[in-house]
Amino acid sequence: MKAYQLSAEYLRNKLSQRKPKVAIILGSGLGSLADAIEDPLIIPYYDIPGFPTATVHGHKGQLVIGTLGNQEVACMQGRFHLYEGISPEVLQIPLRALKLIGCEQVLLTNAAGSLHSEMAPGSLMLIEDHINFTGLNPLTGENDEAIGPRFLDLTQAYDRDMRTSIQRVAKEMKIELHNGVYLWAVGPTFETPAEIRMFRLLGADAIGMSTVPETLVARHCGMKVAAISSITNLGAGMSGNALSHEETLDEGQKAAKLLGDLIVKWLESLL
Ligand SMILES: O=P(O)(O)O[C@H]1O[C@H](CO)[C@@H](O)[C@H]1O
C-alpha cells in the first residue's frame, strides 16, 4: 500500500459515520477558524500513518473533522511547506488521503504578502491563478495513472464555480474580496525588494511559500480547488518595514474572523 492509502485507511476507521465532502487547509495565523467546527474529531498529524509533522510556528498540526456552516468538513489546522525539508512525494499525502476519504472540494487559505499598496494588510484575495516560481513540482516522479494524468492541464486550476460562489457570498456580506495571481516562492527567506519588483512585473499580485503544491496535488487527483489569501504585509521594500513571521501570525489572526465568517457563509450556501 502507498503511504496516502495507509493515511486514508487510518482516517476511514476513525470517521465512523462522518463523511466530510469539503477539505479546508488553514494557513499561518488562521488556525483559529477550526475552533468553530462543531462536534470535532481531532486527529494529530503524528497519529496519521504517512503524515509528516507540522514544524512551523502557528501551524498546529492536526486534522479537525466535524461540521462547519452545516457541511461536514475535514480541516487541516496547519500545513506542510517544501522549505521544511519535506519531499515532494510526502507533500502529496494529505490531499490524496483527503480525496480518498471522500473530499471532492478543497478550500486553501494562506497568509501572503501583497504586491500592490492598495491591497493593504487585512485584505482578502481570492486566487484566480498562480505562478510557480520555484521550478519544483510535487508531481515530479513516477506518475500513477489511476490517480491522475502525467500531464495535467492547469487552464482552470482554480475552479470557476467555486470562485463565483465565494465572490457572490462575499458581495452579499459586503466583504471586499480582491482577485489576483498568487506567486509561489519556495522560501524560507522572505523576498528581496528587487525580487518583489520583478514579481510585480511578472504579473503576480500576492506572494507566499505554500498553496500551489497543494493545488497541483489536489487538481491531479480530481478535486476542485479554491484558495483565499489573507494579506498580512506589503511585499519586501514596499513599506520600509522589515518582514517577520511574527507579523504574519499577528496580522493573520486579525483577519481570521472575517475570513472565517466568509468561509462559514460560503459553506452554508453549498446546501
Ligand atoms: O502560506 P502559509 O502557510 O499561510 O504561510 C505563510 O507565512 C509564512 C511566512 O511568514 C510562510 O510559510 C508563508 O507561506
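Every number for a ligand or one of its atoms is a count from 1 in the order of the listing. Keep in mind that the numbers below use all heavy atoms, side chains included, and drop hydrogens, waters and symmetry copies.
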Could you name the option among Glu84, Met209, Arg79 that has the heavy atom nearest to atom 2 (P) of ligand 1?
Arg79
Cluster overlap Ile231 with Ile207, hydrophobic side-chain contacts below 4.5 Å
no
Polar atom proximity, Gly208 to ligand 1 (N or O, under 3.5 Å):
no
Give the numbers and elements of all ligand 1 atoms closer than 4.0 Å to a heavy atom of Gly27.
4 (O)
Is there any N or O on Ser28 that sits under 3.5 Å from an N or O of ligand 1?
yes
Numbered atoms and elements of ligand 1 in range of Tyr83, under 4.0 angstrom, heavy atoms:
11 (C), 12 (O)
Of Leu63, Leu33, Asp35, Ile25, the one forming a side-chain contact (heavy atoms from CB on, under 4.5 Å) with Gln77 is Asp35
Should you measure from each heavy atom of His245, which atoms of ligand 1 turn up under 4.0 Å away?
8 (C), 9 (C), 10 (O)
Sub-3.5 Å N/O-N/O distance, Ser210 and ligand 1
yes
Report yes or no: do Phe133 and Leu136 belong to one cluster of Ile/Leu/Val/Met/Phe/Trp/Tyr joined by side chain heavy-atom distances under 4.5 Å?
no
Per-atom contacts of ligand 1 with Asn110, taking only distances under 4.0 Å to non-hydrogen atoms:
1 (O), 4 (O)
Sub-4.5 Å side-chain heavy-atom contact between Asn143 and His220
yes
Verify the neighbour count for atom CZ of Arg168: are there more than 12 heavy atoms of other residues, nucleotides or ligands below 6.0 Å?
yes
Just say parallel, tilted or perpendicular for the rings of Phe80 and Phe51, cut-offs at 30° and 60°.
perpendicular
Check: Tyr182 N/O within less than 3.5 Å of ligand 1 N/O:
no
Do Met76 and Leu91 share a hydrophobic cluster (ILVMFWY, side-chain heavy atoms under 4.5 Å, transitive)?
yes
